[in-house]
Protein chains: 2
Amino acid sequence: MIDAAAAIFFEHGFERASLSAIVRRSGGSLSTLYQLFGSKEGLFEAMVTQRCAQIMEPLTTPHQPGQDPRETLVRIARGLMGVLMDPEAQGLWRMVMGEGIKFPRLPEIYFRCGPDPLQTAMVRYLSDLHDRGIVHCPDVPSVVQAFCGMMQSDLFYRTVTGMRPIPEAAETERHVQKVVDLVMGMLTRR
Amino acid sequence: MIDAAAAIFFEHGFERASLSAIVRRSGGSLSTLYQLFGSKEGLFEAMVTQRCAQIMEPLTTPHQPGQDPRETLVRIARGLMGVLMDPEAQGLWRMVMGEGIKFPRLPEIYFRCGPDPLQTAMVRYLSDLHDRGIVHCPDVPSVVQAFCGMMQSDLFYRTVTGMRPIPEAAETERHVQKVVDLVMGMLTRR
DNA sequence: TGAAAACTGTAATGTACGTTACATTATCCT
DNA sequence: AGGATAATGTAACGTACATTACAGTTTTCA
């Protein structure tokens with residue numbers, strides 16, 4: 001039933017999504033829906049909570065400090081790119097941005113599941129590299145911020161708004177390489 | 001009347017905004033609204049079109065090639081930051097991201113008024129500096145993308161979703177300086 | 001097996017709101 | 001001034017939909 005809710009909510013938005021449509025798709029009954037979630041908002045929150053954890057899960061994998069830094073960054077960037085270009089994750093993003101003011105718990109859940117773990121893991125990883133003298137980076141948080149910001153470029157915004165289709169793998173890979181190049185420049189320069 | 005529509009739409013979103021509320025606020029009459037705009041969607045589009053041009057206007061100012069590059073970048077970054085942290089612009093952003101799928105004309109209008117002019121102007125400016133040997137930058141578009149991406153950091157996302165209040169001027173200025181530092185690093189390095 | 005709990009289908013209720021109709025009033029132009 | 005044009009106020013219409021009520025059915029499990 002949460003799957004059906006996700007599909008309908010992500011496609012139409014909160015207000016336009018009708019509970020009858022969700023029930024029709026999920027196969028359950030309206031009564032059970034109210035039994036389980038209490039209200040439309042309850043179902044919405046439960047769905048977002050579940051999907052946040054599920055969609056963002058690839059972003060929480062820790063990084064082994066022994067590997068080549070560039071390869072590690074590329075791996076992280078590819079994982080992030082995969083999430084950014086996932087149609088369901090894009091629906092979730094639109095929900096968080098569009099309904100976040102009406103539902104303050106949405107941004108909380110989103111940041112706690114996605115950006116926060118990714119950024120703390122990256123800060124830990126890069127700080128470790130810096131401490132061991134492998135890279136020189138006096139301001140790790142800023143570099144991590146820069147990395148995340150650069151990943152979410154026009155490519156992402158134009159896709160999430162439907163202005164262009166999901167890009168080919170080659171195009172996302174080019175973007176990954178470009179961002180990692182720029183970040184590596186920030187790490188090795190003096 | 002467009003002012004009232006903007007206030008109500010930006011605060012509540014398209015579906016939750018009621019035409020009666022807009023009329024009550026604007027002082028006009030429901031009949032005139034339909035006379036002028038034809039429907040709720042018509043008013044919405046007219047409002048977004050008007051506000052896009054108005055809000056994004058500071059981003060379209062051209063740059064004099066004679067000035068110090070860093071100062072120019074700081075000036076651009078401050079202007080962009082001013083727009084990003086403007087409550088009305090944030091409402092517009094939420095509309096474009098949240099309702100863009102239902103209203104494909106919204107992203108079109110938005111990109112044409114905001115990101116597109118800013119980026120082409122910056123590309124022109126930096127290419128000129130490169131051609132004249134003032135900076136070294138073989139891939140200007142990527143640097144411009146990086147600049148725009150870094151400006152829209154967590155600071156912006158957490159503010160636009162209501163997770164934190166509009167930041168103090170000192171905080172935005174720190175962010176401006178940090179981004180410009182990183183971009184200058186991309187321009188001068190080898 | 002048999003009762004308790006959970007699930008289902010359908011109908012009813014209430015409400016909010018977009019949209020239209022229409023009669024009335026104000027504004028403009030020559 | 002006076003007719004044409006636009007603006008206003010109000011009421012009505014229709015619809016979509018969240019929510020509840022209730023009676024019937026299935027599942028669970030001891």
Side-chain angles (χ1 to χ4, degrees), chain A residues 1-52 91-92 94-109, chain B residues 1-52 91-92 94-107 109 162:
Chain A
M1 171 161 281
I2 281 191
D3 287 351
I8 302 284
F9 277 132
F10 288 163
E11 185 179 358
H12 297 97
F14 178 78
E15 294 288 340
R16 273 182 289 265
S18 102
L19 293 183
S20 329
I22 291 174
V23 166
R24 209 177 312 130
R25 186 188 189 107
S26 80
S29 82
L30 197 53
S31 317
T32 329
L33 191 156
Y34 273 90
Q35 185 82 12
L36 293 176
F37 304 104
S39 68
K40 188 183 188 181
E41 302 194 359
L43 170 63
F44 185 58
E45 255 198 49
M47 182 276 287
V48 169
T49 307
Q50 193 270 344
R51 276 302 199 272
C52 258
L92 176 63
R94 287 194 296 265
M95 290 293 101
V96 172
M97 293 296 142
E99 317 276 7
I101 293 291
K102 190 80 185 184
F103 298 91
R105 288 177 47 78
L106 260 54
E108 279 176 33
I109 298 168
Chain B
M1 172 162 284
I2 281 193
D3 286 353
I8 302 284
F9 277 132
F10 287 163
E11 184 179 0
H12 297 96
F14 178 79
E15 294 289 339
R16 274 183 287 267
S18 103
L19 294 182
S20 328
I22 291 174
V23 166
R24 209 177 313 131
R25 187 189 188 105
S26 78
S29 82
L30 197 53
S31 318
T32 331
L33 192 158
Y34 272 89
Q35 185 80 13
L36 293 176
F37 304 103
S39 68
K40 188 183 188 182
E41 304 194 358
L43 171 63
F44 184 58
E45 256 198 47
M47 181 277 286
V48 169
T49 306
Q50 193 270 344
R51 276 303 201 268
C52 257
L92 176 64
R94 287 193 297 265
M95 291 293 102
V96 172
M97 293 296 143
E99 317 276 7
I101 292 293
K102 190 81 185 180
F103 297 91
R105 288 177 48 78
L106 260 55
I109 298 168

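Values reported hereafter were calculated over all heavy atoms of this structure, with side chains retained and with hydrogens, waters and symmetry mates removed. Labels below follow one simple rule: chain letters A, B, ... track the order of the sequence lines, proteins then strands, and each chain is numbered from 1.
Look at CD on A:Glu41: it is 17 Å from P on D:dC17, rounded to the nearest Å. Rounded to whole Å, atom C1' of D:dA7 lies 10 Å from atom CE of B:Met1. Nucleotide D:dA18 holds its C1' atom 16 Å from the CZ atom of A:Phe44, rounded to whole Å. Per the geometry, CD1 belonging to B:Ile22 stands 14 Å off C1' belonging to C:dT19, to the nearest Å. Taking atom CZ of A:Arg24 as the reference point, atom P of C:dT10 lies 13 Å away to the nearest angstrom. Rounded to a whole Å, the CG atom of B:Leu33 is 15 Å from the P atom of C:dC17. What separates OH of A:Tyr34 from C1' of C:dA6 is a distance of 19 Å, to the nearest Å. At whole-Å resolution of the value, CG in B:Leu36 and P in C:dT20 are 15 Å apart.
Checked against D:dA7, C:dT19, D:dT19, the side chain of B:Lys40 finds its nearest nucleotide in C:dT19. Among the nucleotides D:dT19, C:dC7, C:dT19, the one closest to any side-chain atom of A:Gln35 is C:dC7.
Closest-nucleotide positions on DNA chain C for A:Thr32 and B:Glu15 were compared, and the one nearer the 5' end corresponds to A:Thr32. Remark on DNA chain D: of its neighbouring residues B:Leu30 and B:Gly27, the 5'-side contact belongs to B:Gly27, judged by nearest-heavy-atom nucleotide. With DNA chain C read from its 5' end, the first of the two nearest nucleotides for A:Ser29 and B:Leu19 is the one closest to A:Ser29.
Relative ring orientation between B:Phe14 and B:Phe103 is described as perpendicular, the plane-to-plane angle rising above 60° on a 0-90° scale split at 30° and 60°.
In terms of heavy atoms, B:Phe10 sits closest to B:Arg94 at O-NH2, 3.7 Å. Summarising the geometry of A:Ala17 relative to A:Lys40, their closest heavy-atom pair is O-NZ, 2.8 Å, with the distance given to 0.1 Å.
The base of D:dG9 sits with one of its N or O atoms less than 3.5 Å from a complementary donor or acceptor on the side chain of B:Ser31.
Note that SG of B:Cys52 is 4.5 Å distant from CG of B:Leu92, once rounded to the nearest 0.5 Å.
A:Ala21 comes within contact range of no nucleotide atom at all, as no heavy-atom separation falls under 4.0 Å.
Although no hydrogens or angles enter the test, the distance criterion places a donor-acceptor pair under 3.5 Å between the side chain of B:Ser39 and the main chain of B:Gly42.
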